[in-house]
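Just below is one structure, and these are the notes that go with it.
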Amino acid sequence: MARTLRLAPALTRRNPYTMTMVAVAGRDAVSTDRASGPPRFSRRWCARVLADFRRERARFGLRSTLREFTFRAIHHVVSFRVLRGIYLAAADARFTECPPGFTGGFLSRETLQRVSLDRRYDLPPEFVDDALGRGDACYGILDGEHVASYGWYTHSPTRINDELWLQFDRAYVYRYKGLTLEPYRGRRFHAISMARTLDAWRARGYRGILAYVEANNLSSLKSVYRLGYVTFGRVFILRILRRYFIFNSPGCKAFGFRVGAERRGTRLPARTLMPGSGLEPERDLSQRVLSPQRLPVSPAGRLPHPLSPSVVRSAPPPAAL
């Protein structure tokens with residue numbers, strides 16, 4: 001993947017303490033020790049880009065590959081991202097059972113504190129303490145006593161990076177940071193964990209799971225659609241110098257799904273582009289609760305069971321292993 005110019009470091013700088021979900025497919029937590037690539041526009045760099053293009057074209061077709069490489073080219077000029085908002089209300093039944101020898105469940109504080117000491121999991125102790133202090137929950141697939149895969153879930157507004165926040169309707173849970181260890185990849189643990197947690201959250205009164213995937217992350221999009229996720233809207237994020245321009249598509253409104261830039265005094269002017277109204281200041285939609293009449297239908301053509309705001313706000317997190 002081509003690197004972004006220094007024009008917008010906040011969108012590319014890795015911060016292990018922020019709640020990110022670059023991909024739902026268990027590949028968003030990447031080692032911070034990865035070696036840097038060859039100099040841009042060098043012969044080795046061009047050869048790598050050409051090899052990437054050929055590989056992506058063979059896997060996803062020419063049209064999708066051209067779209068992905070267009071996003072990469074834009075990153076050389078300005079910082080621009082497109083996020084696809086997705087929701088899961090009914091998972092494919094093929095992913096509801098763990099493979100033989102593996103178990104799944106919400107991880108206890110003791111297990112997470114033990115895992116946080118292993119750098120392979122990309123879970124610093126400070127991150128674990130902060131997440132558990134907010135009431136977030138972590139679901140894991142275990143190989144005996146070893147955590148093979150995990151994913152975090154939250155019920156409150158969430159950071160995307162140091163300057164951007166994501167808000168969503170409290171009738172849903174939001175899945176963010178996830179990882180599958182290298183020896184266990186290829187077994188679809190990310191799909192299994194999400195399918196199993198969906199049942200747990202639905203049993204506690206939530207309508208489903210929300211997440212986002214970068215629009216040019218073709219592998220992750222293929223994976224989440226196979227599980228049963230449906231795209232409901234897109235968020236376009238443009239940063240020029242020190243100013244964000246954010247457009248949340250109309251489809252995001254039904255889920256209260258909204259990305260906004262943080263404002264602190266005179267730091268970082270922020271504007272959010274709203275459909276049909278030009279530039280408007282951001283408004284807090286985190287307390288809004290959906291009515292069943294405004295919900296999109298599930299892939300099966302029917303709405304999830306209705307629930308009241310009091311049920312959503314008072315539902316306790318699942319019991320940990």
Side-chain angles (χ1 to χ4, degrees), residues 1-16 18 20-86 119-122 148-151 160-161 164 175-192 194 211-227 229 231 234-240:
M1 180 70 72
R3 293 174 296 173
T4 308
L5 291 176
R6 294 181 181 178
L7 181 65
L11 286 181
T12 56
R13 182 177 57 209
R14 180 164 179 77
N15 184 343
T18 57
T20 61
M21 184 182 175
V22 179
V24 190
R27 300 193 302 146
D28 47 330
V30 182
S31 172
T32 57
D33 299 328
R34 183 172 55 185
S36 59
R40 188 168 295 149
F41 303 117
S42 66
R43 180 174 297 181
R44 288 179 56 204
W45 182 87
C46 293
R48 176 177 293 185
V49 171
L50 181 60
D52 286 345
F53 184 89
R54 289 172 175 170
R55 183 175 57 253
E56 297 291 306
R57 183 182 62 181
R59 294 181 63 189
F60 305 109
L62 180 61
R63 181 177 179 181
S64 295
T65 302
L66 287 174
R67 183 173 64 247
E68 176 181 355
F69 275 74
T70 299
F71 285 128
R72 296 188 189 185
I74 292 174
H75 274 291
H76 286 289
V77 182
V78 294
S79 180
F80 179 68
R81 301 170 67 184
V82 179
L83 313 181
R84 288 197 186 188
I86 56 177
R119 292 186 59 189
R120 296 179 302 164
Y121 291 97
D122 191 38
S149 178
Y150 69 80
I160 292 180
N161 63 19
L164 296 177
R175 187 185 192 275
Y176 60 101
K177 188 176 180 65
L179 175 80
T180 298
L181 289 187
E182 185 68 35
Y184 299 100
R185 292 181 182 175
R187 305 190 189 189
R188 298 182 177 176
F189 282 158
H190 70 283
I192 294 172
M194 284 185 284
Y212 77 77
V213 178
E214 301 275 357
N216 62 331
N217 195 330
L218 305 180
S219 296
S220 293
L221 288 172
K222 180 179 179 180
S223 176
V224 296
Y225 291 153
R226 181 174 57 230
L227 175 61
Y229 273 95
T231 296
R234 292 168 175 79
V235 179
F236 302 86
I237 304 173
L238 173 66
R239 177 171 174 168
I240 302 177

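Values in this document were obtained by computation on a predicted structure and should not be read as measured data. Start at 1 with the first residue, then count along the sequence.
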Distance col, row Ile237:CD1 vs Asn161:CG, nearest 0.5 angstrom, shows 8.0 Å
Counting distance only, does the side-chain N/O of Arg81 pair as donor-acceptor with the main-chain N or O of Glu214 below 3.5 Å?
-> no
Notebook entry, point to check: Is it true that a side-chain atom of Ser79 and a backbone atom of Arg239 form a donor plus acceptor pair closer than 3.5 Å?
Noted result: no
pair Leu218-Arg67: side-chain heavy atoms closer than 4.5 Å:
yes
**Message:** Let's go through Leu227 and Arg188 carefully: what are the C-alpha distance in whole Å and the side-chain angles of both, what is the deciding distance for side chain to side chain contact (heavy atoms under 4.5 Å, CB included) to 0.1 Å, and is it a yes or a no?
**Reply:** CA-CA 10 Å; Leu227 175 61; Arg188 298 182 177 176; over 6 Å; no
Here the gap from Asn217 atom CG to Arg84 atom CZ, rounded to the nearest 0.5 Å, amounts to 10.5 Å
CZ of Arg48 to CG of Leu50, rounded to nearest 0.5 Å, is 13.0 Å
Output for pair (His190 NE2, Ser220 OG), nearest 0.5 Å, gives 7.5 Å
| field | Flag for Thr231-Tyr225: side-chain donor and acceptor within less than 3.5 Å | value | yes
**Message:** Below 30° counts as parallel, above 60° as perpendicular, anything between as tilted: where do the rings of Phe80 and Phe236 land?
**Reply:** parallel
Interatomic distance, OH@Tyr121 vs OH@Tyr150, rounded to 0.5 Å, equals 9.5 Å
Lys177 side chain to Asp122 backbone, donor-acceptor under 3.5 Å: yes
Per side chain to side chain contact (heavy atoms under 4.5 Å, CB included), Glu56 is matched among Leu62, Leu66, Thr65, Asn216 by Thr65
message = Quick check against the 3.5 Å criterion: does Ser223 have a side-chain atom that pairs as donor or acceptor with the backbone of Ser219?
response = no
